[in-house]
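Residue numbers begin at 1 in each chain, while the letters A, B, ... track the order of the sequences.
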Number of protein chains: 2
Amino acid sequence: MATIHDVAARAGVSPATVSRFLRGQRVRSAEAVQAAVDELGFLPNIAAQSLKSGRTRTIGVVVPDITNPYFAAVVKGMESVSRDHGYRLLLANSDESGAREADLLADMARQVDGIILAPATEHEQTPLQLRDSGIPVVFIDRDLADGESFDAVLVDNRAGGRLAAEHLLALGHTRIAMISGGQESTPGRYRRDGFLEAVSAAGVEIPPELDLIGDFREERAYQLTLSLLSLAAPPTAIFTANNLTTLGALKALHDMRVDVPGQISLIGFDDLDTGPLLRPPLTVVDRPMTEQGVLAMRLLLHRFDDSQTRDLPRRIVMDIKIVERASTAPPGPQSPEPHR
Amino acid sequence: MATIHDVAARAGVSPATVSRFLRGQRVRSAEAVQAAVDELGFLPNIAAQSLKSGRTRTIGVVVPDITNPYFAAVVKGMESVSRDHGYRLLLANSDESGAREADLLADMARQVDGIILAPATEHEQTPLQLRDSGIPVVFIDRDLADGESFDAVLVDNRAGGRLAAEHLLALGHTRIAMISGGQESTPGRYRRDGFLEAVSAAGVEIPPELDLIGDFREERAYQLTLSLLSLAAPPTAIFTANNLTTLGALKALHDMRVDVPGQISLIGFDDLDTGPLLRPPLTVVDRPMTEQGVLAMRLLLHRFDDSQTRDLPRRIVMDIKIVERASTAPPGPQSPEPHR
DNA sequence: CACATCACTGAAATCGTTGTCAGAGAATGA
DNA sequence: TCATTCTCTGACAACGATTTCAGTGATGTG
């Protein structure tokens, strides 16, 4: 509760001198001031500092869901670099809702120096307003439809979708299902686009009943997988658009006692900590996680002090690769029995 | 960038009137003010509000590691409640380091209204100082050695340890290993205490080479499990102290091609999203996660407005239970071959 | 010795908001 | 009609820090 005035009084100097001492300037009464600070346990009032300086040393982070291991890892990466630079993290979940996200951003606008955002949909208006009002915004994982003018750390989702498709095609699958994420987000759309591209390039056709649109969540993927199994002619392979979707699909396959990959192969997008320990060990399209957070935070911090590059957006696209484990195999002789 | 003065000027009233309007008081020029607010896109400067009011409407949350699914779920629960009450979340990871935690708390002290903390060790001083300086602190998951005077949301870790031990004993195991967490934290200590209590109550002895102290992290658990397997007489069952530890142990068992539960049974503490999908599906001691976060946040918010109960600490101890899946079984005839 | 230079200092203004206070009109009652 | 309430108003002073500005005294130079 001690203020800079209390410290000044105790040290017998003016508040201005204490302030100067605290920010490292040379001061005649250094020892006395230091002593007063220690004795009173003085800590500066951040609100007052922010008000005066116009900088909060706080970064706003908005992700769809912190319990998604991908975003947890990303946030961890961000925090490790932000702390080293004296910045704090204000965290919020958008729950994949554009409306909630808009609220969050509006709320953050006046209390953070910059924002890192995984936009819920690719048609958000708020980031544009934010940038217009002078708050740097960096996208992570997801982009706006016309986001090329923003800083961003992304992966080539289209290539990821292609990779998954080519892997399954190479194994000999032709009846392949995909459970996509929401098509209003760039990863949802591009992963599907890449997948469909590669498949049709190979002359394979995906009928509508195998081209399912989910929402990146486990529950919906579970239901959609069930619907796939109830088909007269179920697929011999499934590609799921993210880690949660993969889990939902795998749970449904387990519950229905489908042998993976004997009856159906499964390839997911995004690895899991437990990926190698699952039944079966998962084949996935993998990408850096923590490192994406690190890079996004660096990008943002650059914006703060680097006035040269102020105008050119920096867009980092990270490498993506396939981790082959045991959930994919050539299509087996016995296709799964349809359930009603 | 618009301030309350700009709004006032545009609406032809004084800043005081705008302020009153914004906080819901009746004002003659309501429509004009509202119009000015809309046209200028006015958002209040939080720093100025905090400075004046002394309240930041921000909650500090310090957890050891947000990538631990348990803490991710807890934080999610907290956020859902805090947002409904207009509070924001400042998040930081202590990385299980008491020193780092102290830094974080000192930094937060002047910029949050309250703190929710999973203390890295049970001997922290900082929470006491914080409370003395008037900042409410709620513990989650972990406690201080003498923390009875703090609000807290906990589980009965001792009972959890006992439950695990009794489960293994009932299956007929007598050569049981435990991989504990750090003994400087209450969960680390109590889970082990409960385990040892139950085991010795059954007349079974745990030799030192089976009573291993880890650090709640995956890597260390992996190493300790390997050391267990290299014993002349390896255990027939292992109890691991948290989710990460369980993963480490399971990875080691897989890598060494040990059949679970054929050769060694494994029971963990804390469930995982992927628990049912693992090889084998994990038997675990389970407890509420998101709900603990919800309750902790409610406790903290109570402290803010509920002046009656200001003095009585509220301590919530949540139920804990065993989820039996397939990673535990009676000890088999073939004990694992020792590795060098 | 006079004067310029230097290193440091405190008073005061400021950031944007809220709360206090005295006062201005309008509404009520006698 | 006048007095009394009542509701709403703007001026102004905070909140706690930083920064500018005009010193002040000590040191260096001719």
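Contact of B:Arg110 with D:dG16 (side chain to base): no donor-acceptor pair of N or O atoms is detected under 3.5 Å. Between the side chain of B:Arg20 and the base of C:dG19, no donor-acceptor pair of N or O atoms lies under 3.5 Å.
Separating the CZ atom of B:Arg23 from the C1' atom of C:dT17 is a distance of 9 Å, rounded to the nearest angstrom. For B:Asn45 and D:dG16, the CG to P distance is 16 Å, given to the nearest whole Å. Rounded to an integer number of Å, the gap from CD1 of A:Ile4 to C1' of D:dC15 is 14 Å. Between the CG atom of B:Leu51 and the C1' atom of D:dA17 there is a distance of 8 Å, rounded to whole Å. Atoms CZ (B:Arg55) and C1' (C:dT17) sit 15 Å apart, rounded to a whole Å. Between A:Phe21 atom CZ and D:dT18 atom P there is a gap of 13 Å when expressed in whole angstrom units. Going from atom CZ of B:Arg57 over to atom C1' of C:dT18 covers 15 Å, rounded to whole Å. Whole-Å rounding puts the B:Lys52 NZ to D:dG16 P distance at 10 Å.
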- Query: So A:Tyr70 and A:Phe216, ring-ring contact (aromatic ring centres under 6.0 Å, His included) or not? Walk me through it.
  - Reply: CA-CA 12 Å; A:Tyr70 167 75; A:Phe216 281 137; over 10 Å; no
- Derivation and outcome, salt bridge (charged side-chain N to carboxylate O under 4.0 Å, His left out), residues B:Arg131 and B:Glu124: CA-CA 13 Å; B:Arg131 196 187 35 183; B:Glu124 296 298 320; over 6 Å; no
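Proximity of B:Ser50 to A:Gln111: side-chain heavy atoms (C-beta onward) are nowhere separated by under 4.5 Å.
Of the listed nucleotides (C:dT20, C:dC8, D:dA17), C:dC8 has the atom at the smallest distance from the side chain of A:Arg26. The side chain of B:Val27 approaches D:dT9 more closely than any other nucleotide in the set C:dT17, D:dT9, D:dA17. Distances were taken from every side-chain heavy atom of B:Phe42 (C-beta onward) to each of D:dT18, C:dT17, D:dC15; the shortest belongs to C:dT17. Minimum atom distance to the side chain of B:Gln49 is reached by C:dT18, of the listed C:dT18, C:dA11, C:dT9.
Nearer to the 5' terminus of DNA chain D, by closest-nucleotide assignment, is the contact made by B:Gln25 (compared with the other of B:Gln25 and A:Ala2). Between A:Ser14 and B:His5, it is A:Ser14 whose nearest contact on DNA chain C lies nearer the 5' terminus.
A:Thr3 comes within contact range of the sugar-phosphate backbone alone, with a heavy-atom separation under 4.0 Å but no base atom that close.
A:Asp143 and A:Arg315 are joined by a salt bridge, as a carboxylate oxygen and a charged side-chain nitrogen come within less than 4.0 angstrom of each other.
For the ring-ring contact (aromatic ring centres under 6.0 Å, His included) test, residues two or more places apart in sequence or in another chain that qualify with A:Phe139 are A:Phe150.
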